[in-house]
Amino acid sequence: QVTELVLDNCRSSNGEIEGLNDSFKELQFLSMANVELTSLAKLPTLSKLRKLELSDNVISGGLEVLAERCPNLTYLNLSGNKIKDLGTVEALQNLKNLKSLDLFNCEITNLEDYRDSIFELLQQITYLDGFDQEDNEAPDSEDDDDEGDEDDDDDENEAGPPGEYEEEDDEDDGASDLGEGEEEEEVGLSYLMKEEIQDEEDDDDYVEGGDEEEEAEGVRGEKRKREPEDEGEEDED
């Protein structure tokens, strides 16, 4: 009944993992990454297996076993293994349903025209190391990106159309700007009018004060003139 089985980082013994046997008849996905697997000779028959992860092991050959034990494979990951030449990969030609093959970090990737050679050798595959012959990415990652974009669109729709809020904000800003401008204008006019009134009052006070001083000086002068005359009259008497 088990359809998916992940055995990553377990340790294989003599090319096999204890407990993995032909009883997993319904298995469709099997992952055995970094289990120190040196060979596939003891791989059980898994006729319904579609995806097989074998990355970061020490497999260097014997890939013909896969066509015998897992004939319906559509995805195979052999990245990080000891695969060096095209002759080793040629054994995968019998996997007629294979669509995607990963050979990251294998020495074979250093060969000249590596990608063109693999696509020519395994004409049934569509994707090599996550990309097709025209460098288009495999659909799994593209679907994830599309889902992310749809989530973003949903969030924007739920939040409501941004245009309405922007217009309201603009109107509020305009009203507040006008209000501030009118207040500043009123304050400026009243302030100037007060200053002019104060200046006029100050000028009046200054003029009035000067007139009083001039009148006082005139009275004193008259007194001085009269005093000698009065003295002369008293002397004559």
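The structure displayed is predicted, hence computed values, not measured ones. Start at 1 with the first residue, then count along the sequence.
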Counting only heavy atoms from other residues, nucleotides and ligands, does the tally under 6.0 Å from NZ of K42 exceed 12? yes

Does a donor on one side chain sit under 3.5 Å from an acceptor on the other, for N34 and N9? yes

In terms of heavy-atom contacts, L54 and L52 come closest through CD1-CD2, 3.6 Å

So side chain to side chain donor-acceptor pair (under 3.5 Å) across residues 117-126, not counting sequence neighbours, yields none

To the nearest 0.5 Å, atom CG of L40 lies from atom CG of L78 at 7.5 Å

dist R50:CZ -> L76:CG (nearest 0.5 Å) comes out at 14.0 Å

In this structure, CZ of F119 is separated from CG of L128 (nearest 0.5 Å) by 5.0 Å

*asked:* For D113, is there any backbone N or O sitting under 3.5 Å from a side-chain donor or acceptor partner on D116?
replied: no

Apart from F29 itself, members of its ILVMFWY cluster (side-chain separation under 4.5 Å) are V6

Residues pairing under side chain to side chain donor-acceptor pair (under 3.5 Å) where one sits in residues 21-30, two or more places apart or in two chains, turn out to be N21-S23, E26-K48

All N/O donor-acceptor pairs, side-chain side in residues 103-110, below 3.5 Å, sequence neighbours left out:
| residue | atom | partner | partner atom | Å |
| --- | --- | --- | --- | --- |
| T109 | OG1 | C106 | O | 2.7 |

N57 and M32 have their tightest heavy-atom pair at ND2-O, 2.9 Å

dist I118:CD1 -> D129:CG (nearest 0.5 Å) comes out at 8.5 Å

Flag, side chain of N81 to backbone of L37, donor-acceptor distance under 3.5 Å | no

Open item on the list: Hydrophobic cluster membership, with links at side-chain heavy-atom distances under 4.5 Å among I/L/V/M/F/W/Y: are L121 and L73 in one?
Closed with: yes

Between Y127 and L122, is there a shared hydrophobic cluster once you connect ILVMFWY residues whose side-chain heavy atoms come closer than 4.5 Å? no

Rounded to the nearest 0.5 Å, the OG atom of S60 sits from the NZ atom of K84 at a distance of 8.0 Å

Between the CD1 atom in I59 and the NZ atom in K82, the distance rounded to the nearest 0.5 Å is 12.0 Å

Between F24 and L46, the two heavy atoms sitting closest are O-CD2, 3.3 Å

Path from F131 to L101 over hydrophobic side-chain contacts below 4.5 Å:
no

Closest non-hydrogen contact found for R69 with A41 is NH1-O, 3.2 Å

So side chain to side chain donor-acceptor pair (under 3.5 Å) across residues 88-102, not counting sequence neighbours, yields N72-N97, Y75-D102, D85-T88

| Are L20 and L30 close enough that some pair of their side-chain heavy atoms sits under 4.5 Å apart? | yes

Query raised in the report: Mind checking whether I83 and L95 sit in one hydrophobic cluster, side chains of I, L, V, M, F, W, Y counted as touching below 4.5 Å?
Result: yes

Sorted by chain and number, sequence neighbours left out, salt bridge (Lys or Arg N to Asp or Glu O under 4.0 Å) with E36 holds for R11

